Amino acid sequence: MKLAVFVSDYRLTVDTLDRLNPEKLGIILVQNGVYHATTKENGKPSSLLNKSASYYALIDDLETRGLGNADVADNVKVISYSDIVDLIFNEYDKTAWL
Amino acid sequence: MKLAVFVSDYRLTVDTLDRLNPEKLGIILVQNGVYHATTKENGKPSSLLNKSASYYALIDDLETRGLGNADVADNVKVISYSDIVDLIFNEYDKTAWL
Amino acid sequence: MGKLTIGCFASLVGSMSLDFAVRLAGTALDKGHKVDLWVSGNGTMLSIKGQRAFKDYSALEKPLKELMEKGLNVTACEACAEARGYHKENTLDGFKRHSMDWYLASSFDADRVLHIGGE
Amino acid sequence: MGKLTIGCFASLVGSMSLDFAVRLAGTALDKGHKVDLWVSGNGTMLSIKGQRAFKDYSALEKPLKELMEKGLNVTACEACAEARGYHKENTLDGFKRHSMDWYLASSFDADRVLHIGGE
Amino acid sequence: MPTTKLGFIVQRAGYKSENPKLALTHAIASQSVEVYLNDGDIVTADIAFIGDGVLNCKKDQKAMDIYKLTSTETHIKMSLLLDLNVMVCKEDLDRFGMTENDIVLDAEEFGAELTVKVVPFAEITKMMEGMNHLLFF
Amino acid sequence: MPTTKLGFIVQRAGYKSENPKLALTHAIASQSVEVYLNDGDIVTADIAFIGDGVLNCKKDQKAMDIYKLTSTETHIKMSLLLDLNVMVCKEDLDRFGMTENDIVLDAEEFGAELTVKVVPFAEITKMMEGMNHLLFF
């Protein structure tokens with residue numbers, strides 16, 4: 001299974017991501033999910049970035065919150081809405097919105 | 001300050017309760033907040049029950065979820081809507097809904 | 001006997017916070033208190049006329065009307081309602097609509113305020 | 001070119017999930033895909049006619065109409081809408097209302113389904 | 001028969017959010033979807049409760065008595081009656097100290113033949129892999 | 001002058017929930033509340049950002065450009081312009097590695113005299129104790 005997981009919040013109330021282990025995993029950070037890419041607490045990056053996955057963060061939702069490319073962790077690729085459409089159709093076969 | 005704090009969810013996304021330290025603290029568990037009174041995970045009761053506070057759980061919201069008096073931790077008092085009104089007016093002077 | 005102002009910002013059907021607010025308001029009224037109920041944000045859904053009562057969804061139009069007859073003072077945030085397309089002509093009879101200062105004015109002489117904001 | 005079915009259950013103004021869904025739908029349409037958008041639960045707010053566009057609130061009526069002209073197929077859950085007092089006569093022109101099986105039927109021949117359920 | 005398989009995954013407790021109930025009512029709608037499809041085309045719905053979602057399966061919910069609202073318990077029974085595959089994650093039940101005695105397992109009173117299946121998460125993973133689309137609630 | 005003091009406490013990040021914005025718009029409404037009150041009666045609103053709520057104070061928010069939506073940054077500036085007391089918890093800024101450089105501090109361009117106060121949580125506690133009612137968002 002090639003799964004694209006959308007994370008739209010910073011404080012997750014579900015632990016689903018911890019147990020998903022598909023053959024290919026993409027994590028697309030949107031809305032307040034983008035804080036996982038930018039925010040360190042007490043110097044530590046979000047533990048969500050520790051998975052063996054490809055990470056993406058939506059530029060529109062970064063900039064809405066006063067954030068930008070320079071704030072994003074190295075292993076996260078900054079993408080557009082158009083990129084999301086391409087990822088869904090071309091890189092993954094199923095989606096999950098947590 | 002005599003503060004009545006309403007907790008309406010099981011997975012809290014705020015840490016406000018950890019830092020509040022009023023002279024008198026009441027924690028009123030309503031809606032999915034009642035799970036703090038009833039649910040042990042891996043045998044451990046909710047850490048929310050560790051505060052130096054008076055605890056209450058709304059019977060209507062327990063029973064809605066298939067729970068009852070017998071499921072509730074010893075330090076939590078099972079109460080009605082009428083009791084909530086009395087607590088607000090007689091025991092506490094301010095309220096907080098987290 | 002005192003005055004309780006309840007503000008509820010959560011959604012009608014999505015969470016049950018409005019069910020809680022309406023039930024608490026009714027209980028306080030029955031105990032002789034004066035109650036103001038302010039709904040803002042998605043809570044303004046409560047003000048719409050003609051909600052169909054299905055068993056699969058929370059249905060508050062009927063209990064709310066009964067409470068209004070008992071003296072519940074209930075007001076929706078006008079801007080929050082208009083932004084959602086809830087207009088005056090679709091508002092329950094007796095359900096007031098005002099700007100946000102109404103809520104603050106209600107709290108002026110309230111003995112207690114319960115602000116249900118979370119989500 | 002493929003078919004994308006988006007289901008959105010979140011609220012119009014409360015979260016920005018509907019903004020996301022509408023923006024994504026528009027982008028997919030512009031790229032030549034076919035898009036079905038289903039709104040259920042509080043998401044049915046999107047279907048209401050006459051939403052006032054204030055700058056303090058998310059306002060999607062105008063962008064949505066533009067997308068419908070471009071071929072967006074958009075349907076609200078009829079029961080979810082009725083339970084909230086959203087009736088046929090208050091529904092945006094061209095916004096369909098059906099029972100929940102419409103969403104499942106849309107997914108039947110969809111290449112991808114993005115179900116926005118969380119909250 | 002061309003078949004599209006949908007997996008409904010319920011990850012949250014009920015009532016505070018409407019979503020777990022909408023998962024069940026939408027899954028149940030798979031029984032009437034043919035009206036929109038060509039003869040022989042089918043959509044199936046499998047349902048899995050994971051994480052806090054297993055709390056939806058508690059029996060003796062009194063939502064109708066107290067808030068005049070159909071309980072998730074009733075919706076689970078309805079799903080069984082309509083022959084949907086309903087799975088509950090065993091590890092999560094264990095974590096909450098819940099057993100099969102605590103949860104709704106069948107809808108015998110309505111004449112349902114299927115029962116709720118308590119299964120390890122690995123089996124839910126397998127179900128997810130076999131689906132065409134996933135819907136997380 | 002009979003005065004009722006309200007404390008608005010913002011504990012959550014913005015946009016995903018409408019609540020932080022509603023906190024500010026309701027607090028701002030304290031400026032027009034006299035229409036409902038007797039002469040001389042006053043309602044005041046103090047605002048404190050704590051926890052994830054401090055993320056609302058980030059400057060350079062582009063919500064209007066991108067989603068055509070007033071940013072919380074703009075609402076904070078408006079609050080200063082109307083002489084509301086706006087506090088931001090220093091410990092939470094520290095936790096996120098944010099400094100005064102990262103957040104909106106004034107609304108000089110609108111002619112506001114007040115500025116945002118970065119204060120230790122103890123000072124926010126003191127504010128809460130001095131209020132008649134608290135509203136947590």
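No experiment lies behind these values; they were computed from the predicted model shown. Order of the sequence lines fixes the chain letters, A, B, ..., with proteins taken first and strands second; residue numbering starts at 1 for each chain.
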*State the CD1-OG1 distance between D:Ile116 and A:Thr95, to the nearest 0.5 angstrom.*
9.0 Å

*How far does CG of D:Asp111 sit from CG of A:Asp93, to the nearest 0.5 angstrom?*
11.5 Å

_Heavy-atom count check: over 12 atoms from other residues, nucleotides or ligands less than 6.0 Å from A:Lys2 NZ?_
no

_Please give me the minimum heavy-atom distance between D:Thr27 and A:Tyr81, naming the atom from each residue._
OG1-CB, 3.5 Å

*asked:* In the structure I gave you, are the side-chain heavy atoms of A:Trp97 and D:His115 within less than 4.5 Å of one another anywhere?
replied: no

*For chain D, which residues from residues 35-54 of chain A have at least one heavy atom closer than 4.5 Å to it?*
none

*asked:* Would you say CG of D:Asp93 has more than 12 non-hydrogen atoms from neighbouring residues, nucleotides or ligands within 6.0 angstrom?
replied: no

*Mind telling me whether A:Phe6 and D:Phe20 have parallel, tilted or perpendicular rings, with 30° and 60° as the class edges?*
perpendicular

*Residue A:Ser82 versus chain D: region with a heavy atom under 4.5 Å*: both

*Under 4.5 Å from any heavy atom of chain D - which part of A:Asp60*: side chain

*With distance as the sole test, does D:Arg112 use its side chain to make a donor-acceptor pair with the main-chain N or O of A:Val85 at under 3.5 Å?*
no

*Would you call D:Val113 and A:Lys94 a side-chain contact if the rule is heavy atoms closer than 4.5 Å?*
no

_Interface residues of residues 71-79 of chain A facing chain D - heavy atom cut-off under 4.5 Å_ = none

*Is D:Lys31 salt-bridged to A:Asp86, going by a charged N under 4.0 Å from an acidic O?*
yes

_Can you tell me how far apart NE2 (D:His33) and CD1 (A:Ile88) are? Round to the nearest 0.5 Å._
9.0 Å

*Other residues, nucleotides, ligands: >12 heavy atoms within 6.0 Å of D:Lys55 NZ*: no

*Could you tell me whether the side chains of A:Gln31 and D:Ser15 share a donor-acceptor contact shorter than 3.5 Å?*
no

